[in-house]
Amino acid sequence: EVQLVESGGGLVQAGGSLRLSCAASGFTFDHYSIAWFRQAPGKEREGVSCINTSDGSTNYADSVKGRFTISKDNAKYTVSLQMNRLKPEDTAVYYCAAAPRPWVVTTAPWDEYEYEYWGQGIQVTVSS
């Protein structure tokens, strides 16, 4: 059974940092695109960052470039998202998603239909 489990969310003040983790199981981790999406209240879900677990290539939404860093640990089947200089507008439920096509990171990183597996989501709240 494929599982993606997010952890590390919570409440933080603006300017602070959080580190989200996505623990994967039930599939061959080494040849996937793993992405983070988020959905704020009243807004559509949007892509934040993604990583190719084969070659480590990454992609970031413009809104988080320079503040967020995605990384992977193939031995632990984990993808992490380090979020620095957080802003109130980063407040959202963050989802981890996986696509069995590592090239999605560069061809269609924010196309939700490319991602077959999704976690339950975790709340991140940034207070002003």
Side-chain angles (χ1 to χ4, degrees):
E1 179 187 5
V2 173
Q3 280 195 316
L4 297 172
V5 179
E6 301 96 341
S7 63
L11 173 65
V12 64
Q13 288 188 331
S17 298
L18 280 175
R19 186 177 180 87
L20 302 182
S21 291
C22 173
S25 62
F27 61 91
T28 306
F29 185 84
D30 292 348
H31 300 286
Y32 268 70
S33 293
I34 307 290
W36 288 96
F37 286 78
R38 68 185 181 186
Q39 187 167 23
K43 295 187 177 181
E44 293 187 354
R45 190 156 55 186
E46 63 176 358
V48 175
S49 184
C50 54
I51 189 165
N52 177 328
T53 61
S54 293
D55 64 12
S57 56
T58 60
N59 211 332
Y60 295 91
D62 289 342
S63 59
V64 305
K65 281 181 181 177
R67 300 188 298 123
F68 291 11
T69 303
I70 193 169
S71 61
K72 64 182 179 71
D73 186 333
N74 286 45
K76 296 182 178 179
Y77 280 33
T78 300
V79 169
S80 297
L81 185 68
Q82 178 66 41
M83 306 186 294
N84 298 329
R85 304 201 310 274
L86 283 160
K87 305 175 181 179
E89 51 263 45
D90 294 317
T91 295
V93 176
Y94 283 70
Y95 298 90
C96 177
R101 293 168 291 280
W103 54 87
V104 166
V105 168
T106 52
T107 59
W110 316 133
D111 184 348
E112 293 185 29
Y113 292 102
E114 291 284 352
Y115 295 89
E116 298 181 11
Y117 309 113
W118 291 80
Q120 291 297 308
I122 192 163
Q123 178 70 44
V124 171
T125 303
V126 184
S127 63
S128 57

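Evaluation of the side-chain contact (heavy atoms from CB on, under 4.5 Å) rule for S63 yields R38, A61 as partners, not counting sequence neighbours. Checked against salt bridge (charged side-chain N to carboxylate O under 4.0 Å, His left out), D55 has no partners two or more places apart in sequence or in another chain. Checked against salt bridge (charged side-chain N to carboxylate O under 4.0 Å, His left out), K43 has no partners two or more places apart in sequence or in another chain. Annotation: side-chain contact (heavy atoms from CB on, under 4.5 Å) contacts of E89 (sequence neighbours excluded): K87. The side-chain contact (heavy atoms from CB on, under 4.5 Å) search around A97 returns F37, Y115, W118, not counting sequence neighbours. For S25, the side-chain contact (heavy atoms from CB on, under 4.5 Å) criterion is met by Q3, not counting sequence neighbours. Residues passing the salt bridge (charged side-chain N to carboxylate O under 4.0 Å, His left out) test with R45 are E112, sequence neighbours excluded.
Judged as a disulfide (SG to SG under 2.5 Å), not a single pair has a partner in residues 52-88 (not counting sequence neighbours). Sorted by first and then second residue, the disulfide (SG to SG under 2.5 Å) pairs involving residues 54-89 (not counting sequence neighbours) form an empty list. Counting only residues at least two apart or in different chains, salt bridge (Lys or Arg N to Asp or Glu O under 4.0 Å) contacts with residues 73-85 are absent. Among residues at least two apart or in separate chains, ring pair (Phe, Tyr, Trp, His ring centres under 6.0 Å) pairs with a member in residues 61-104 are F29-Y77.
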I'd like to know whether V2 forms a side-chain contact (heavy atoms from CB on, under 4.5 Å) with E116, so could you lay out the CA-CA distance, the side-chain angles of the two residues, the decisive distance to 0.1 Å, and finally the verdict.
CA-CA 10 Å; V2 173; E116 298 181 11; over 6 Å; no
Quick one, Q123 with T91, criterion side-chain contact (heavy atoms from CB on, under 4.5 Å). Give me CA distance, side-chain angles, the key distance, then yes/no.
CA-CA 8 Å; Q123 178 70 44; T91 295; 4.0 Å; yes
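In this structure, F27 and L4 have side chains that are in contact, with non-hydrogen atoms separated by less than 4.5 Å. Considering only heavy atoms from C-beta on, K72 stays 4.5 Å or farther from T78 through its side chain.
For the atom pair OG of S127 and CG of L86, the computed distance is 10.0 Å after rounding to the nearest 0.5 Å.
Residue V64 is grouped with residue L81 when hydrophobic side chains (ILVMFWY) are merged at heavy-atom distances under 4.5 angstrom, including chains of intermediate members. A continuous path of Ile, Leu, Val, Met, Phe, Trp and Tyr side chains, each step under 4.5 Å between heavy atoms, connects W36 with Y117, placing both in one hydrophobic cluster. Cluster annotation: Y60 is not connected to W110 through the hydrophobic network of ILVMFWY side chains, with a link wherever side-chain heavy atoms come within less than 4.5 Å.
A donor-acceptor contact shorter than 3.5 Å is absent between the side chain of T58 and the backbone of I51. With hydrogens and angles disregarded, no donor-acceptor distance shorter than 3.5 Å links the side chain of N52 to the backbone of S57. Checked by atom type and distance alone, the side chain of S33 never pairs as donor or acceptor with a backbone atom of A99 at under 3.5 Å. A donor-acceptor pair under 3.5 Å is absent between the side-chain atoms of S128 and the main chain of P88, judged by distance alone. Proximity of a side-chain donor or acceptor of T53 to a complementary backbone N or O of Y32 within less than 3.5 Å is detected.
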Mind listing the side-chain donor-acceptor pairs of residues 5-20 below 3.5 Å, one per line with the distance, residues two or more places apart or on another chain?
from	atom 1	to	atom 2	distance (Å)
E6	OE1	Q120	N	3.2
E6	OE1	G121	N	3.1
E6	OE2	C96	N	2.9
E6	OE2	G121	N	3.2
S17	OG	N84	OD1	2.9
R19	NH1	Q82	OE1	3.2

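The two residues V105 and N59 come nearest to each other via the heavy atoms O-ND2, 3.0 Å.
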